[in-house]
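First listed ligand is number 1; within each ligand, the first listed atom is number 1. For the single chain, residues carry numbers from 1 onward in sequence order.
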Amino acid sequence: MQIERLLQQQGFGTRKYCRSLVRNERFSIGGKVIDDPFQEVEPEGLRFNVDGREWPCFTKAVILFNKPAGYECSRKPRHHPGIYTLLPVQFVARDMQSVGRLDEDTTGLLIITDDGQLIHALSSPKRKVEKRYRVGVRHPLDQSQVAALCSGVLLNDDPEPVAALATEIVDPHTLMLTIAEGRYHQVKRMLAAVGNRVETLCRVAVGGLDLPADLPEGGWRWLTAADLEQLWRKST
Ligand code: URA
């Protein structure tokens with residue numbers, strides 16, 4: 001593939017812009033500057049450099065993002081800045097989107113990708129991909145609340161109860177809660193249904209993939225093939 005086309009595909013701008021980027025000696029591979037935008041390269045497994053930053057070449061890009069509080073997941077945020085302001089502009093140009101959304105005040109693991117099939121599969125109710133949350137609550141937790149969460153609570157938009165897949169009381173104000181669905185404000189509404197209130201909410205795992213302890217809020221990293229396999233470990 002010609003370099004200018006590759007750069008455009010990877011989200012670096014229009015073909016014309018990518019051509020001038022290469023001609024201005026801002027592109028290199030393995031430390032060697034290439035200024036011919038029409039030079040052919042093999043995209044598979046390629047790592048290239050633009051303005052000193054290294055980029056792996058992906059047909060479909062998937063990242064793991066540690067969402068901070070105070071940001072909306074929407075592409076057109078209304079009340080707070082959007083998460084995409086925290087990510088390289090190339091990701092927006094590639095039309096990468098989050099798999100589902102976390103509330104503005106929720107933190108934690110978010111998968112962001114331009115792989116439509118992956119978004120569809122991870123969001124499909126049939127696949128029942130587990131989501132694990134660390135929930136800080138206002139009132140001390142008791143066993144009756146946890147028992148009700150496990151046996152199922154009614155949310156006002158659905159006649160069918162939703163039940164937690166797993167719960168663990170960490171301390172009187174902290175609960176680990178695993179659910180299979182991704183309904184609107186689901187965790188907050190489940191806790192409200194048992195008479196409590198969510199004060200803080202962090203998603204710590206999706207499927208079998210944990211939020212890396214060393215990834216700071218607002219940080220991201222590429223998902224490896226091994227991560228993707230891990231992701232599907234806790235789903236049906
Ligand atoms: N449940 C919620 O209530 N909010 C989230 O952001 C995610 C799950």
Side-chain angles (χ1 to χ4, degrees), residues 63-87 96-113 118-139 141 145-146 148-158 160-170 173-212 215-220 231 234-236:
I63 64 156
L64 181 159
F65 177 59
N66 186 357
K67 181 191 173 294
Y71 289 83
E72 290 182 28
C73 288
S74 164
R75 299 297 292 268
K76 291 186 181 154
R78 290 203 292 184
H79 305 293
H80 302 271
I83 53 168
Y84 298 98
T85 60
L86 300 171
L87 296 168
M96 289 173 70
Q97 298 174 29
S98 65
V99 179
R101 290 182 180 181
L102 293 175
D103 296 337
E104 170 272 319
D105 53 353
T106 302
T107 61
L109 200 164
L110 202 55
I111 307 286
I112 300 177
T113 181
L118 182 64
I119 295 178
H120 182 74
L122 285 173
S123 318
S124 164
K126 283 193 207 132
R127 303 297 284 264
K128 292 194 169 36
V129 178
E130 293 188 15
K131 292 111 191 155
R132 189 157 186 254
Y133 293 88
R134 186 175 53 245
V135 193
V137 293
R138 178 174 295 179
H139 310 295
L141 290 153
Q145 289 176 6
V146 171
L149 289 169
C150 291
S151 58
V153 293
L154 283 173
L155 305 180
N156 51 11
D157 61 352
D158 201 326
E160 289 295 312
V162 280
L165 292 178
T167 54
E168 183 200 340
I169 298 180
V170 179
H173 290 273
T174 311
L175 176 73
M176 299 305 294
L177 178 76
T178 306
I179 56 175
E181 311 82 2
R183 300 206 191 145
Y184 183 64
H185 291 331
Q186 182 168 338
V187 175
K188 290 174 184 166
R189 291 194 295 154
M190 285 176 80
L191 267 296
V194 299
N196 214 318
R197 191 185 162 96
V198 172
E199 300 273 17
T200 59
L201 187 57
C202 176
R203 184 151 74 187
V204 295
V206 173
L209 191 65
D210 291 334
L211 179 67
L215 186 68
E217 282 188 12
W220 65 272
L231 195 57
K234 290 190 178 166
S235 64
T236 54

Where ligand 1 meets Y133 - atom numbers and elements under 4.0 angstrom, heavy-atom basis: 7 (C), 8 (C)
Exercise: identify the closest heavy-atom pair between V162 and M190: O-CE, 3.9 Å
N or O pair under 3.5 Å between R101 and ligand 1: no
Check: N196 side chain, H139 main-chain N or O, donor-acceptor pair, under 3.5 Å: yes
Nearest-contact summary for atom 1 (N) of ligand 1 - protein heavy atom, Å: V187 N, 3.0 Å
L201 contact mode with ligand 1 (heavy-atom cut-off under 4.0 Å): side chain
Nearest neighbour of atom 5 (C) of ligand 1 from the list L177, D105, V135, D103, on a heavy-atom basis: D103
Whether E72 side chain and H79 backbone form a donor-acceptor pair below 3.5 Å: yes
Sidechain-backbone polar pair: K67 side chain, E104 backbone, donor-acceptor under 3.5 Å: yes
N/O donor-acceptor pair under 3.5 Å between K131 side chain and A180 backbone: yes
Ligand-side contact atoms (ligand 1) for residue partner T106, heavy atom cut-off under 4.0 Å: 4 (N), 5 (C), 6 (O)
